[in-house]
There are 2 protein chains.
Amino acid sequence: MESQHVSRGPVPHGHVTLSQVAQRAGVSAQSVSNALNNPDRLAPATLERILATVAELGYEPNLSARALRNRSSHLIAFKVRPSRPDKASLLMDEFLYALNRSAVAAGYHLILCHAEGEGSTEEIKAYRDLLKKTPVDAFVLAETHRNDDRVAALRSWGVPFATFGRSWDGDDSLAWVDVDGRAGTRAATEHVVAQGHRRIGHVGWLAESEIGQERREGWLEACRERGLPTDLQAAVADTLEDGRQAAHRMLDAPEPATALVCASDTLALGVLRALHERGLRPGVEVAVTGFDDSPTAALVSPGLTTLRQPIDVVGRQLIQAVENLIAGDPREPQHVLLQPDLIVRGSSLPGPRPSTATP
Amino acid sequence: MESQHVSRGPVPHGHVTLSQVAQRAGVSAQSVSNALNNPDRLAPATLERILATVAELGYEPNLSARALRNRSSHLIAFKVRPSRPDKASLLMDEFLYALNRSAVAAGYHLILCHAEGEGSTEEIKAYRDLLKKTPVDAFVLAETHRNDDRVAALRSWGVPFATFGRSWDGDDSLAWVDVDGRAGTRAATEHVVAQGHRRIGHVGWLAESEIGQERREGWLEACRERGLPTDLQAAVADTLEDGRQAAHRMLDAPEPATALVCASDTLALGVLRALHERGLRPGVEVAVTGFDDSPTAALVSPGLTTLRQPIDVVGRQLIQAVENLIAGDPREPQHVLLQPDLIVRGSSLPGPRPSTATP
DNA sequence: CTGTTAGCGCTTTCAA
DNA sequence: TTGAAAGCGCTAACAG
């Protein structure tokens with residue numbers, strides 16, 4: 001195979017063009033183009049011959065030329081953000097891999113954006129600059145929030161995009177994929193109830209976080225339904241230290257918590273640190289659960305019970321969503337709410353610590 | 001600013017082209033192009049006027065057109081790999097951010113590659129397919145090893161590339177950036193020696209790993225120089241479970257280890273689990289050090305002493321290296337060996353546990 | 001120092 | 001059903 005390089009001098013990267021294929025197949029360039037983009041316009045025999053030649057020469061359409069002509073680069077843009085050192089990796093790693101895998105499977109490539117700092121102004125500027133330079137087919141946004149400027153900007157430019165994070169403004173025209181934090185926290189709460197806990201605290205995020213509120217409500221509902229007290233709760237920033245301090249408060253309460261359901265692995269790890277400082281054994285004296293199944297959760301001892309987001313499905317659905325948008329699918333944009341999986345590890349189990357690690 | 005949209009109907013993404021700038025500035029398209037690419041060919045006055053117009057209209061050159069013309073896309077390709085769940089995030093997250101930031105600063109964009117599985121055959125195919133579709137300016141490879149097929153392939157295609165990971169074949173024509181694992185492990189060993197330890201084991205990677213060998217040698221040298229025994233060593237795969245088992249072995253030895261220097265955070269976390277199982281306190285009874293400063297290291301209790309790779313510098317240097325290559329810099333390709341920083345946390349300190357978290 | 005010409009590889013007209 | 005012409009936006013090579 002790959003027999004085209006026959007004494008023609010240094011062919012860079014084996015550049016094969018449409019017209020070379022055409023020449024070889026004895027047809028016009030246009031027919032080759034049609035074979036690839038509008039196969040039904042060709043006679044079956046011609047089509048077959050052209051396709052064979054395409055395969056023989058290993059031809060791949062030049063993206064730049066296509067982009068120039070079609071104003072479509074087959075590129076999907078995504079902004080990577082700095083991983084904060086004090087946080088359990090919010091699975092960006094995994095997410096990016098999943099997103100890219102699906103993008104490539106759909107014939108796209110991921111192009112990365114950069115914006116300094118946290119503000120959306122910088123990010124929007126980065127998007128705009130990129131759009132000026134190249135006709136990006138779609139954007140994928142992560143971590144949406146209420147009144148998200150980025151959503152407004154992209155919409156005003158008419159660029160297709162989908163978000164990892166639901167529309168918090170009740171905006172049905174947004175294509176989004178999200179994970180059900182409420183159901184997840186509820187599952188975690190029910191799990192510790194099943195372990196016999198009745199005094200269950202919640203270490204959650206600040207009230208301005210929509211995600212945090214969702215997760216808090218899952219805990220609230222589960223407790224209320226069972227007539228359990230809900231007075232032990234904290235609304236703090238997502239740092240280890242905040243989790244640690246919240247835990248100390250709830251363990252210093254007149255009627256201390258025996259289980260702490262947290263809004264994130266980071267907070268849960270702070271709780272574990274507090275337990276460590278007090279000489280309390282996770283799972284045995286105090287059950288702890290996190291959220292995200294960050295790599296850390298499986299690596300601490302004992303392992304941290306947490307909620308795993310089906311991140312590969314998220315990636316697939318996001319690509320699916322932008323594909324539909326790009327194709328101009330007239331149907332309502334997709335809204336996909338996925339269920340997280342409760343991963344039970346030692347931090348919430350009173351039983352004897354398993355002597356082998358999680359397989 | 002941005003006053004160009006004056007009743008001209010729906011201008012998509014504010015498309016401004018070279019000729020529009022030329023028209024507005026009253027010069028030819030070529031002069032605008034020169035203003036941007038060969039400013040010295042223009043009269044200062046003309047240059048200034050053109051640049052002013054460029055700024056006024058917010059013009060950005062179309063990458064596809066440039067790529068088509070120049071065979072240079074201003075794209076740098078990088079393959080993301082799946083993060084393995086049993087590993088402390090190998091800082092890919094951070095690395096990608098750093099690499100992208102530097103790429104963007106240098107006027108490039110990162111485009112992601114995908115290859116299923118671990119084999120380099122798939123990866124090479126992905127590179128090749130990408131090259132057929134678009135004239136990627138350079139590649140960045142991570143995790144090089146001896147006889148790396150990818151290096152051979154890229155070289156045979158004549159594409160510029162740089163690697164995160166040195167040339168293990170003693171190949172001086174390779175541009176690489178790496179972190180000194182030997183010096184790092186040595187620093188960790190010397191640190192535990194300074195804490196009074198004399199019986200120091202090493203939990204390292206299998207012998208086929210060049211990186212692992214480097215790290216092992218740092219420990220070996222430090223011990224030998226001080227006349228300390230080096231009989232406690234393990235060469236295992238990089239998993240939590242392997243680290244755990246190795247730790248148990250070294251603690252079951254007739255003269256058990258009092259300190260364990262590990263080749264990775266993952267292994268160190270396995271060691272911590274073993275200590276946990278035996279009721280030994282990290283730092284107090286047995287000192288433990290890792291390597292990588294993965295997010296997990298700061299989050300476990302006590303914190304894990306480890307070696308931080310200067311990942312932002314790595315990213316910057318890699319981009320620098322490919323920039324030089326792209327520019328056809330005749331000098332020897334860059335070889336950059338960076339020093340990791342020892343981050344001391346509770347896992348190697350016998351002293352009283354600090355009551356507040358690391359700031 | 002500045003402008004004209006041509007063409008990178010592709011696909012949307014439109015004609016044959 | 002197939003082909004010819006034109007042009008997407010840019011820049012290298014040449015004239016002027």
From C-beta outward on [X], which listed nucleotide comes closest to its side chain: [options]?
X       : options              : answer
B:Asn62 : D:dG9, C:dC10, C:dT4 : D:dG9
A:Val27 : D:dA12, C:dG9, D:dG3 : D:dG3
B:Arg71 : C:dC10, C:dG9, C:dT2 : C:dG9
A:Ala43 : C:dT4, D:dT1, C:dG9  : D:dT1
A:Thr17 : D:dT2, C:dG9, D:dT11 : C:dG9

Would A:Phe95 and A:Phe78 count as a ring-ring contact (aromatic ring centres under 6.0 Å, His included) if you check the C-alpha gap in whole Å, the side-chain angles of each, and the deciding distance to 0.1 Å? CA-CA 11 Å; A:Phe95 174 63; A:Phe78 179 74; 5.5 Å; yes
Could you check whether B:Glu118 pairs with B:Arg81 (Lys NZ or Arg NE/NH1/NH2 to Asp/Glu carboxylate O, under 4.0 Å)?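 Salt bridge flag = no for B:Arg81 with B:Glu118.
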Side-chain ion pair, B:Lys125 and B:Asp129, N-O less than 4.0 Å: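 Looking at B:Lys125 and B:Asp129, the cut-off is met.
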Is [X] near enough to [N] that one of its side-chain N or O atoms lies under 4.0 angstrom from OP1 or OP2?
X       : N      : result
A:Thr46 : D:dT2  : yes
B:Ser19 : D:dG9  : no
A:Arg66 : C:dT11 : yes
B:Ser31 : C:dG3  : yes

Return the value, rounded to whole Å, for the distance between atom [atom1] of [X] and atom [atom2] of [N].
X       : N      : atom1 : atom2 : answer
A:Leu63 : C:dC10 : CG    : P     : 10 Å
B:Ile50 : C:dG3  : CD1   : P     : 8 Å
B:Arg41 : D:dA13 : CZ    : C1'   : 10 Å
A:Gln23 : D:dG3  : CD    : C1'   : 15 Å
A:Asn34 : C:dC14 : CG    : P     : 16 Å
B:Tyr59 : D:dG9  : OH    : P     : 10 Å
A:Leu36 : C:dC10 : CG    : C1'   : 11 Å
A:Arg69 : D:dG7  : CZ    : C1'   : 6 Å

Look at all strands and tell whether B:Leu18 reaches a base, only sugar-phosphate, or nothing, counting heavy atoms closer than 4.0 Å.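 If one applies the 4.0 Å heavy-atom cut-off, B:Leu18 turns out to touch a base.
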Any luck finding a side-chain donor-acceptor pair between A:Asp169 and A:Ser167 under 3.5 Å?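 No, no side-chain donor-acceptor pair sits under 3.5 Å.
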Does the side chain of B:Gln334 come under 3.5 Å of the side chain of B:Gln320 through a donor N or O and an acceptor N or O?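 On atom types as modelled, these side chains do not qualify, holding no pair under 3.5 Å.
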In terms of the nearest nucleotide of DNA chain C, which residue is placed more toward the 5' end: B:Asn70 or A:Asn37?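 Taking each residue's closest nucleotide, the earlier one in sequence belongs to B:Asn70.
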